[in-house]
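Chain letters run A, B, ... following the sequence lines, proteins first, then strands; residues in each count from 1.
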Amino acid sequence: MSEEKSLNFIEEIIEKDLAEGKHETITTRFPPEPNGYLHIGHAKSICLNFGLAIKYGGSTNLRFDDTNPVTEETEYVESIKEDIKWLGFNWANEFYASDYFEQLYQFAVKLINKGLAYVDDSTSEEIAQQKGSPTIPGVRNKFADRTIDENLQLFTEMRNGKYADGKKVLRAKVDMSSPNMHMRDPILYRIKHAHHHRTGDKWCIYPMYDFAHGQSDSIEKITHSICTLEFIPHRELYNWLIEKLEIFPSHQYEFARLNVTYTVMSKRKLLQLVNEKHVTGWDDPRMPTICGMRRRGYGAAALRDFCDKIGIAKRENLIDIGLLEFCVREELNKIALRRMVVFNPLKITITNFDKDVEFVSIEDNPEDENTTHRQVPFSKEIYIEQDDFMEVPPKKYFRLFPGGKVRLKGAYIIQCDEVVKDNAGNVVELKCTYFPESKSGNDTSGIQVKGTLHWVSIAHAVNAEVRMYDRLFKVENVAEAERDFKDYINPNSLEIINKVYAEPALAKDSFDQRFQFLRKGYFCLDKDSTTDKLIFNRTVTLKDTWAKEVKKVN
RNA sequence: UGGCCUAUAGUAUAAUGGUAGUACGACAGAUUUUGGUUCUGUUUGUCUUGGUUCGAAUCCAGGUAGGCCAACCA
């Protein structure tokens with residue numbers, strides 16, 4: 001029996017619209033501007049728009065809002081499509097606002113003919129000045145009095161390239177004293193003699209967001225046009241234009257954008273991180289971009305689950321990055337292959353082990369009832385982690401210490417007999433004995449131990465590089481911190497361990513596999529790996545209650 | 001000295017005039033050949049002041065706090 005999940009406010013609106021017969025089905029759209037890579041905030045919007053259409057049997061268009069040729073590039077178009085597909089969604093149609101340039105132009109002509117738009121020769125400074133302020137009404141200038149014919153001719157000349165950038169704009173004639181600044185005769189078209197990534201040099205006038213977005217929605221018969229809160233003031237203009245143009249009445253709804261602790265979400269800041277080399281690129285595993293998270297090893301299902309868990313509302317929010325990590329772990333725990341890798345080796349010689357090698361069988365994933373097993377070589381000389389031995393153990397320490405016993409995962413119980421030190425007094429080796437009757441799976445020794453350690457046979461170890469990532473910023477709320485965001489960059493967000501020691505099975509595994517390095521965390525192969533050099537990214541750590549315990553004492 | 005949006009545990013999010021619930025976190029315990037996983041339990045909340053009502057997180061009014069709006073960006 002599963003409880004009915006409550007609806008968010010947009011689902012309520014949709015169910016009401018459907019119930020009242022306002023629409024037979026719904027159509028949504030995801031409208032990125034191709035001027036950057038998608039990030040986790042876009043993932044929230046993608047999951048919402050596509051998820052709604054799936055839930056209510058409608059469809060979703062992918063529409064590139066490419067009305068500003070100077071910032072947009074084909075490279076971004078391709079990455080956006082790849083990321084959406086990877087997230088697991090399919091768009092009904094791939095559209096571009098630039099597909100509608102001719103139609104949009106005709107809409108503008110229609111407004112001019114209705115006496116609702118005029119060509120203004122003022123400079124941008126003059127226009128800003130005449131606009132007034134939220135508390136001071138704006139004033140209309142003489143250009144607003146031009147005749148329809150004059151406006152028609154001027155607008156045609158603008159299109160034909162007669163004027164230089166900035167010399168003229170087309171404005172809607174709305175209300176210069178509106179308390180909503182967006183209604184004070186907003187600019188509809190501006191002149192830009194720039195090359196567009198799709199239309200080339202065909203156009204030298206380009207519609208503004210407000211004269212492209214709602215009209216594109218309408219052309220595509222989008223029923224629910226969902227955007228973020230900062231577009232609320234645009235809605236009045238959105239509706240005004242649809243009404244005056246007498247076109248399909250799409251409706252705009254707004255929800256709160258996603259913010260996540262210890263990271264930034266604005267394209268401007270992300271671009272800066274890339275350009276100024278604070279990260280290696282858009283797909284740096286520390287980036288909140290979808291491609292960065294993908295490279296880091298986050299699963300698409302985990303991202304979708306996260307978007308589902310954070311909910312949709314109109315309240316400003318700051319989501320704990322821990323929730324994302326929880327979703328990532330939850331997915332990985334079910335699918336990751338368990339492997340043993342020693343990062344910081346301490347040699348152990350098992351003095352009473354006389355065979356060259358013994359293969360022990362260890363399950364690939366204990367969470368899976370039908371798990372496969374692998375054969376792991378065990379020998380006289382092995383490595384364990386330096387952390388897993390202490391000469392003077394604190395209370396509740398389950399690991400190795402002089403005279404103490406632990407189990408080696410999947411193999412035998414050993415006892416530490418002797419500590420070997422170098423001249424400086426550092427522990428360099430442990431001499432241990434093993435209990436032959438304690439073999440994993442048929443232990444008849446009766447010995448109880450608290451700790452189980454991961455280990456690797458020295459002679460059989462495979463080397464690899466490991467890249468461990470931490471949060472990119474040192475403060476929770478980067479956007480609200482008083483200084484420039486770059487002052488808060490975490491200098492230790494990347495730690496590279498050049499040489500770790502892995503069990504041999506890891507050398508045979510591949511890029512689409514996910515691993516849990518036992519007691520270490522989840523890892524995946526990085527694209528920088530070559531045939532003779534394995535490089536792993538730490539996707540996320542395991543929960544570590546012992547580390548927390550140690551921290552509490554100190 | 002304008003308009004608009006918002007306010008529920010630490011963080012998010014539900015309850016649509018009728019028992020304030022869920023997830024993450026935190027804490028405690030059980031299980032465990034990963035100090036992982038799993039399981040159990042505990043903890044903490046309706047911004048404020050009035051009003052309407054048998055009954056208010058919900059409706060109304062005032063206040064307070066936070067956010068957004070004056071790009072030829074989207």
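At the phosphate of B/C72, neither OP1 nor OP2 sits under 4.0 Å from any side-chain N or O atom of A/Thr123. Between A/Lys309 and the phosphate of B/U22, there is no side-chain N or O to OP1/OP2 separation shorter than 4.0 Å. The phosphate of B/C73 has OP1 or OP2 within less than 4.0 Å of a side-chain N or O from A/Arg190. Proximity of A/Lys548 to the phosphate of B/A26: a side-chain N or O atom is located under 4.0 Å from OP1 or OP2.
Taking atom P on both B/G36 and B/A26, the two are 12 Å apart, rounded to the nearest angstrom. The gap from the C1' atom of B/G45 to that of B/C60 amounts to 24 Å, rounded to the nearest Å. Atom C1' of B/G63 sits at a distance of 16 Å from the matching atom of B/U6, rounded to the whole Å.
Atom C1' of nucleotide B/C72 and atom OH of A/Tyr189 are separated by 14 Å, given to the nearest angstrom. Going from atom CG of A/Leu229 over to atom P of B/C68 covers 10 Å, rounded to whole Å. Distance CG (A/Leu323) to P (B/A12): 11 Å, rounded to an integer number of Å. We find that CG of A/Asn180 is positioned 10 Å from P of B/C4, with the value rounded to whole Å. Following rounding to the nearest Å, A/Glu236 (CD) and B/A70 (P) show an atom-to-atom distance of 14 Å. Between A/Glu254 atom CD and B/C68 atom P the separation is 15 Å, expressed in whole Å. One atom, CH2 of A/Trp455, and another, C1' of B/U33, lie 13 Å apart when rounded to the nearest Å. Per the geometry, CG belonging to A/Asp165 stands 10 Å off P belonging to B/C73, to the nearest Å.
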**OP:** List the protein contact pattern of nucleotides 34-44 of chain B with one symbol per nucleotide (5' to 3'): B for base contact, S for sugar-phosphate-only contact, - for none; contact means a heavy-atom distance under 4.0 Å.
**Re:** BBBS-------
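Each of A/Phe517, A/Tyr383, A/Trp455 was compared with A/Tyr501 under the ring pair (Phe, Tyr, Trp, His ring centres under 6.0 Å) criterion, and only A/Tyr383 meets it.
Aromatic ring centres of A/Tyr412 and A/Phe378 lie closer together than 6.0 Å. Remark: aromatic rings of A/Phe101 and A/Tyr206 are close, center separation under 6.0 Å.
Among the protein residues, A/Ile312 comes within range of the sugar-phosphate backbone only, with heavy atoms under 4.0 Å from sugar or phosphate atoms but none that close to a base. At the heavy-atom level, A/His182 lies under 4.0 Å from the strands shown only through sugar-phosphate atoms.
Counting only N and O atoms by type, the side chains of A/His213 and A/Asp65 include a donor and acceptor under 3.5 Å apart.
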